[in-house]
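To keep things clear, I will list the structure first and then write my remarks on it.
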Amino acid sequence: MSEPEPDVKPNILITGTPGAGKSYLCERIASELKFEWLDCSKIAKENNFIEEYDEEYDCPILDEEKLMDHLEPLMAKGGIVVEYHGCDFFPERWFQAVFVVTCPNTTLYDRLKERNYNEKKLTSNIQCEIFGTILEEARGSYKSDIVFELKGETKADAHTSLKTVKNWYRMWKRK
């Protein structure tokens, strides 16, 4: 007699402006839902998936192709929660849900200031949040029924967001 198939899990993308609360949420999803958490910024740094360094914004420029080649075999197994502050370059087929974490710009400003972002980078990220750039990017890159907006201002927001992800996962498993 053969072993029963283990539960297949979906892949989830958590995206949003830096400082919005993605890591906090991903950490909990990984822990509570037993997903593997892949932080794309961390992976890019560890594997040198960097095209160049942007002096003006004081940050590395991601080599998207190298990151994609690295992630492809990992995504195939499912049960992955991917974290990154952009989303339009990932293949649509990789994700069953895309959650965009948003945060009021005053809270975001304080968080980014704490990270010692230079003025240009700080202003750019705040404007990105004000204009809803990441949410718009997600809605333009994925089917509307898999894109969800979450709040990341407070611990209570994070708790509510985690509940939303858990509820989505429960519904997904019923399909």
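Fair warning: this is a prediction, and the values are worked out from it, not measured in the lab.
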Would you find a donor on one side and an acceptor on the other, under 3.5 Å apart, between the side chain of [X] and the backbone of [Y]?
X    : Y    : answer
S161 : D157 : yes
Y142 : Q96  : no
N118 : K120 : yes
T15  : V100 : no

For [X] against [Y], the heavy-atom pair lying closest together:
X    : Y    : answer
L33  : K9   : O-NZ, 2.8 Å
R111 : G19  : NH1-O, 2.8 Å
A158 : L25  : O-CD1, 4.2 Å
P73  : D69  : CD-O, 3.4 Å
P18  : L112 : O-CD2, 3.3 Å
A20  : V101 : O-CG1, 3.3 Å

For the [atom1] atom of [X] and the [atom2] atom of [Y], what is their distance to the nearest 0.5 Å?
X    : Y    : atom1 : atom2 : result
T17  : K22  : OG1   : NZ    : 7.0 Å
M68  : E72  : CE    : CD    : 8.0 Å
I126 : L108 : CD1   : CG    : 4.0 Å
I43  : L38  : CD1   : CG    : 4.5 Å
E64  : F89  : CD    : CZ    : 4.5 Å
N105 : F131 : CG    : CZ    : 10.5 Å

Listing request: all salt bridge (Lys or Arg N to Asp or Glu O under 4.0 Å) pairs with a residue in residues 126-141, at least two apart in sequence or in separate chains.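 Qualifying pairs, neighbours excluded: none.
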For the residue pair W37 and E83, confirm or rule out a side-chain donor-acceptor distance under 3.5 Å.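 Their side chains do contain a donor-acceptor pair, which is all the 3.5 Å distance test asks for.
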Whether the D58 and Y53 side chains hold a donor-acceptor pair (N or O, under 3.5 Å, no angle test) is what I'd like checked.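 The answer is yes; a qualifying pair exists.
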Lys/Arg cation over aromatic Y24: R28, 6.0 Å, 45° cone: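 Positive - R28 is close enough to the ring of Y24 and near enough to its axis.
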Please say whether the positively charged group of K121, taken as NZ for Lys or CZ for Arg, lies over the ring of Y117, i.e. under 6.0 angstrom from the six-membered ring centre and within 45 degrees of the axis.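 Relative to the ring axis of Y117, which defines the angle, K121 lies inside both limits.
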For K173, enumerate each residue passing the salt bridge (charged side-chain N to carboxylate O under 4.0 Å, His left out) test, keeping only those at least two apart in sequence or located in another chain.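 For K173, no residue satisfies salt bridge (charged side-chain N to carboxylate O under 4.0 Å, His left out) once neighbours in sequence are set aside.
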Going by the angle between their ring planes, with limits at 30° and 60°, are F35 and Y169 parallel, tilted or perpendicular?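 Answer is perpendicular, since the angle exceeds 60°.
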Side-chain heavy atoms nearer than 4.5 Å, only ILVMFWY residues, links allowed to pass through others: does that put Y84 and I12 together?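 Result: no, two separate clusters.
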Give a yes or no on whether E36 atom CD has more than 12 heavy-atom contacts from other residues, nucleotides or ligands under 6.0 Å away.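 Check passes, neighbour count above 12.
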